[in-house]
Amino acid sequence: EFGVNMKSVGAVHPSEVCGRRRQRGEVTLIGLLLAVSVATAALGYLFNIQRRQMERADAEAAGVLVAQTADALRRLLTMAPSNAAVVPSTTQTGVAWLRPPACGGRAANPVQGFVPCSFGDNFWSPNFRTTITNTGGRWEARLTFVVPDAFDQGRRGTIADYIAEKANT
């Protein structure tokens with residue numbers, strides 16, 4: 001009788017093959033889950049960086065709008081002593097009221113307006129409030145800007161800082 005010991009020649013029992021395959025499959029699945037987790041975390045981080053860059057760019061655009069509005073208000077105030085009709089009697093919302101009358105500005109504005117027709121057509125302009133007062137012949141314009149609720153409470157202060165920084169440059 002001729003017999004061969006299968007273990008001695010490197011043969012593997014079928015139950016051992018299935019176990020190894022199952023083990024390799026588990027390792028592959030764990031590796032895949034780990035890779036997906038790392039990729040998800042990285043994408044979240046990159047998304048957050050991009051969102052903050054976009055917020056800063058938007059806030060800087062609002063800062064430019066603040067500076068341009070302040071310049072328009074200075075021009076308006078230089079006209080006020082000789083033409084009080086250019087001064088609105090109530091608080092104005094937005095910036096469109098500074099445009100030429102033909103573009104939706106106040107009827108008392110000069111023909112060319114204090115800003116161009118397209119001025120302030122953006123997300124930020126409805127958040128402007130302007131009040132002009134005359135105390136004893138001293139004209140004063142107060143421009144108030146409120147950061148929209150679209151930004152979470154924790155970011156609104158940062159956005160306001162970006163706006164003020166850009167408005168003062």
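We number each residue from 1, following the sequence as shown.
Screening residues 123-144 for salt bridge (charged side-chain N to carboxylate O under 4.0 Å, His left out), with sequence neighbours left out, gives R138-E140, E140-R142.
Closest of all the heavy-atom pairs between P116 and P100 is C-CD, 4.3 Å. The two residues P101 and P110 make their nearest non-hydrogen contact at CD-O, 3.2 Å. Scanning both residues, T78 and P81, for their nearest heavy atoms gives O-CD, 3.6 Å. When all heavy atoms are compared, the tightest approach of T93 to P126 is CG2-O, 3.6 Å.
Between N109 and R99, every side-chain heavy-atom pair lies at or beyond the 4.5 Å cut-off.
Within the model, atoms CG of L76 and CD1 of I132 stand 4.5 Å from one another, a figure rounded to the nearest 0.5 Å. The distance from atom OG1 of T158 to atom CD of E55, rounded to the nearest 0.5 Å, is 8.5 Å. One finds the CG atom of N134 at 4.0 Å from the CH2 atom of W139 (value rounded to the nearest 0.5 Å). Once rounded to the nearest 0.5 Å, the distance linking CD of Q53 with CG of N48 reads 10.5 Å.
Scanning for ring pair (Phe, Tyr, Trp, His ring centres under 6.0 Å) contacts around Y162 gives an empty result, with sequence neighbours left out. Not counting sequence neighbours, N83 has no partner by the side-chain hydrogen bond (donor to acceptor under 3.5 Å, both in side chains) test.
A chain of hydrophobic side-chain contacts below 4.5 Å, direct or via other Ile, Leu, Val, Met, Phe, Trp or Tyr residues, connects F119 to L143. Tracing side-chain contacts under 4.5 Å through hydrophobic residues (I, L, V, M, F, W, Y), one reaches M79 starting from L98; they form part of the same cluster. Using a 4.5 Å cut-off between side-chain heavy atoms of Ile, Leu, Val, Met, Phe, Trp and Tyr, with links allowed through other members, V64 and F128 fall into different hydrophobic clusters.
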Could you pull out all donor-acceptor pairs under 3.5 Å where a side-chain atom in residues 30-38 meets a protein atom, sequence neighbours excluded?
| from | atom 1 | to | atom 2 | distance (Å) |
| --- | --- | --- | --- | --- |
| S37 | OG | L33 | O | 2.9 |

Only distances under 3.5 Å count here; give the side-chain donor-acceptor pairs of residues 84-92 to other protein atoms, sequence neighbours excluded, each with its distance to 0.1 Å.
| from | atom 1 | to | atom 2 | distance (Å) |
| --- | --- | --- | --- | --- |
| T90 | OG1 | Q92 | NE2 | 3.3 |
| T91 | OG1 | T131 | OG1 | 2.9 |
| Q92 | NE2 | T90 | O | 3.2 |

Check residues 66-73 and write down every donor-acceptor pair under 3.5 Å in which the side-chain atom is one partner and the other belongs to a residue at least two apart or another chain.
| from | atom 1 | to | atom 2 | distance (Å) |
| --- | --- | --- | --- | --- |
| T69 | OG1 | L65 | O | 2.7 |
| D71 | OD2 | R75 | NH1 | 2.5 |

